[in-house]
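Below: one structure, written as structure tokens.
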Amino acid sequence: MPINLQSLEAENPESLRKLQRLVLSLIRRPLNSKDRIRKMAEDGQPIEVLAQGIFEPSQTMTSLERLEVYNQQYWFKMLEAFYQDFSGLSYLIGKRRFRKLVEAYLEKYPPRSARLGDIGSELEAFLRENPDFLGATTQEAAIDMVRLERALFRAFDAPDYPTISSKDIIEAKPEALRIGLQPHISLLELQYAIEDFLLSGLEKSGMGTSEMGIVDRRKQPLKKPKRFFALKRQKHWVVVHRFRNVPYIKLVESPVFRFLSLLEKGHTLYEACEAFLTGNDKREENFSELQLLQWTQEFTVLGWFCRYRENVL
Amino acid sequence: MHKESISLKFSKFFEAYGIGIGLRIPHYQHILEKKPGVSWFEIISENFMGNGGKPEILLDKILESYKVVPHGVGLYFGSVDPLDREHLKRLKKLIQKTKTPWVSDHLAWGSVDGTYVHDLLPMPYTLAAAKLTAQKIKEAQDFLEVPIGVENISSYAQYRSSKMTEWEFLTEVVETADCGILLDVNNLYVNSQNHGFDPLAYLDYIPLKRVIQFHIAGHSRLPKYILDTHDQPVSLAVWRLYGEVIRRGGPRPTLLEWDDAIPSFEEVYQEALKAKAFIDAYQSTEPRGGKS
Ligand SMILES: [Fe+2]
């Protein structure tokens, strides 16, 4: 149904809301392949006519050109923000597919909070809901990468709680002791060796928000990757964490991963140790116990353990 | 706020704060290691309203040595959507942490039906829009328990539905909300060029006593309009306008925004300190310490 531009007078909250809805829907419409505003709105109406109904032209700009500034501003800002948060994914799937993905994702999951850091929070869900979006292999690897990059964001964003010491652990009864993992820690089982694709290092800026009017694309060519990495299927386990305010990805063995996962889920230390020991059945039992003790000490030094809480974040 | 005391109260902020710059990532190391003498930093509130991770840990270190004022981009007073209570709570925590005597955000909208565009969009200048915006500012100000300075944004479009000028709209909003103005002198200049009005007519109209803070910044002149890029020194025209505002209303805390192609800390700070010449010029004509 054509929009009645008379109803956009903004003379009461309802018509102001209608005007804001229309402007927002036009701004969120993806740009064309030349980064220009499209001709048609989603419902088939010519955008130029709508723009003329909304904005006055100026001495130098048409109504459409004025709308285009905001259309470009939105998309340049979004693409830049996604690139900052998911540069590994962009490298893994290529810039063109990355852009298509961001556009499709934002159509389904538009930003729902005023924090720019939240924009990618549903990207994993989106990829799972659309299993064919990137083709089977790439899709699986992309999901791994999104999980890894979100974990790096968490290692940036989440707090440190007071740690518990080896002494606290030794003195408590293992059958009753539940140990929490720091909220900045993520335990990931990954199917592909994707770490090589993290070109820009592990730091997530998470601070892309500024008042600056526009992301000025003229000066910001996306970094070109210099090397090519072959995608390799390789199941492995990592712990993403923060140490002295720097994020790290630590490779761990499967039993250790299981041990930590059980602690994270709220199992007692005793239950987690049991699982570790049975998971290590190829080895001598006392060796495993020694190893367990070493690991636990290392994790304590890394400050991973804190008092257990029901809901960490 | 009691109207009689606003001007006096806000001019005292100048005495305590003076000239500052925006806190930006490339300068962190320099600031933490060298502890340069800067009167205050402005932070983008939303970048420090996370869950207590790295940004908040860094902020704690900065707060050991510096005064910090949060400047938000996420309250969207002009959106018809109600204020996000969760966002306000996080902001209040940040206000308490920084112990700031005022806080700021923009006279803009940027969300509808809970969907955000992460941009500061201009308002249609109608009475209904002013009333709604003022109501939301008032509500936020009551909750946050510090005065809010609402900032004039740079814009690239004007609505057909507008029934008043930008300066009439701003005045209507801040008088109704009984709040402060963060006057961005660069934005005022950019808009006067993009929309073809006289910035002095703007200054003639708005209640200068409500100005709580100034922003200054650099912009880029494109073939058809001026883009608010914050990526270069402040233009001469903007400095002149800044001098004129101070001549009329007295000095207020002044902050340079530099967000892109950020040079060294020293270069940014020296650019900000150019404001001193205009403040000195005002103070030399006001022997008793300034108008109020
Ligand atoms: Fe500003």
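Within every chain, numbering begins at 1; the chains are lettered A, B, ... in the order of the sequence lines, protein sequences first and strands thereafter.
With chain A as the partner, the residue from B/Leu121, B/Leu75, B/Leu127, B/Asp84 showing the most heavy-atom pairs under 4.5 Å is B/Leu121. With respect to chain A, the highest number of heavy-atom pairs below 4.5 Å among B/Ala108, B/Ala128, B/Ser162 belongs to B/Ala128. Of the listed residues A/Asp118, A/Leu19, A/Leu67, the one with more heavy-atom pairs under 4.5 angstrom with chain B than any other is A/Leu19. Each of B/Gly74, B/Gly50, B/Gly114 has some count of heavy-atom pairs under 4.5 Å with chain A, and the biggest count is that of B/Gly114. Counting heavy-atom pairs closer than 4.5 Å to chain A, the top-ranked of the candidates B/Pro122, B/Ala217, B/Gly72 is B/Pro122.
Between B/Phe77 and B/Trp109, a ring centre-to-centre spacing not shorter than 6.0 Å is recorded. Ring centers of A/Tyr74 and B/His118: at least 6.0 Å apart, outside the cut-off. The distance between the ring centers of B/His215 and B/His230 does not fall below 6.0 angstrom.
For B/Asp81, the parts lying under 4.5 angstrom from a heavy atom of chain A are both the backbone and the side chain. For A/Leu16, the parts lying under 4.5 angstrom from a heavy atom of chain B are both the backbone and the side chain. With a 4.5 Å cut-off on non-hydrogen atoms, A/Glu65 touches chain B through its side chain but not through its backbone. Using a 4.5 Å cut-off between heavy atoms, B/Lys131 makes no contact with chain A at all. Both the backbone and the side chain of A/Glu56 come within less than 4.5 Å of a heavy atom in chain B. Contact annotation for B/Ser111: only backbone heavy atoms (N, CA, C, O) come within less than 4.5 Å of a heavy atom of chain A. Both the backbone and the side chain of A/Arg17 come within less than 4.5 Å of a heavy atom of chain B. Heavy atoms of A/Ile119 lying under 4.5 Å from chain B belong exclusively to its side chain. Looking at A/Ser15, neither its backbone nor its side chain comes within 4.5 Å of chain B, counting heavy atoms on both sides. Residue contact with chain A, scored on non-hydrogen atoms closer than 4.5 Å, involves the backbone and the side chain of B/Asp113 alike.
Judged by a 6.0 Å distance limit and a 45° cone about the ring axis, B/Lys92 is positioned over the six-membered ring of B/Phe143.
Here the closest heavy-atom approach between residue B/His195 and residue B/Ser155 is recorded as NE2-OG, 2.8 Å. Between B/Leu94 and B/Phe48, the closest heavy-atom pair is CD1-O, 3.8 Å. B/Asp228 and B/Tyr156 get closest at one heavy-atom pair: N-OH, 3.0 Å.
A donor-acceptor contact closer than 3.5 angstrom is absent between the side chains of B/Asn152 and B/Glu166.
Atom CG of A/Leu116 is separated from atom OH of B/Tyr116 by 13.0 Å, given to the nearest 0.5 angstrom.
A salt bridge links A/Glu11 and B/Lys163; the closest N-O separation between the charged side-chain nitrogens and carboxylate oxygens is under 4.0 Å.
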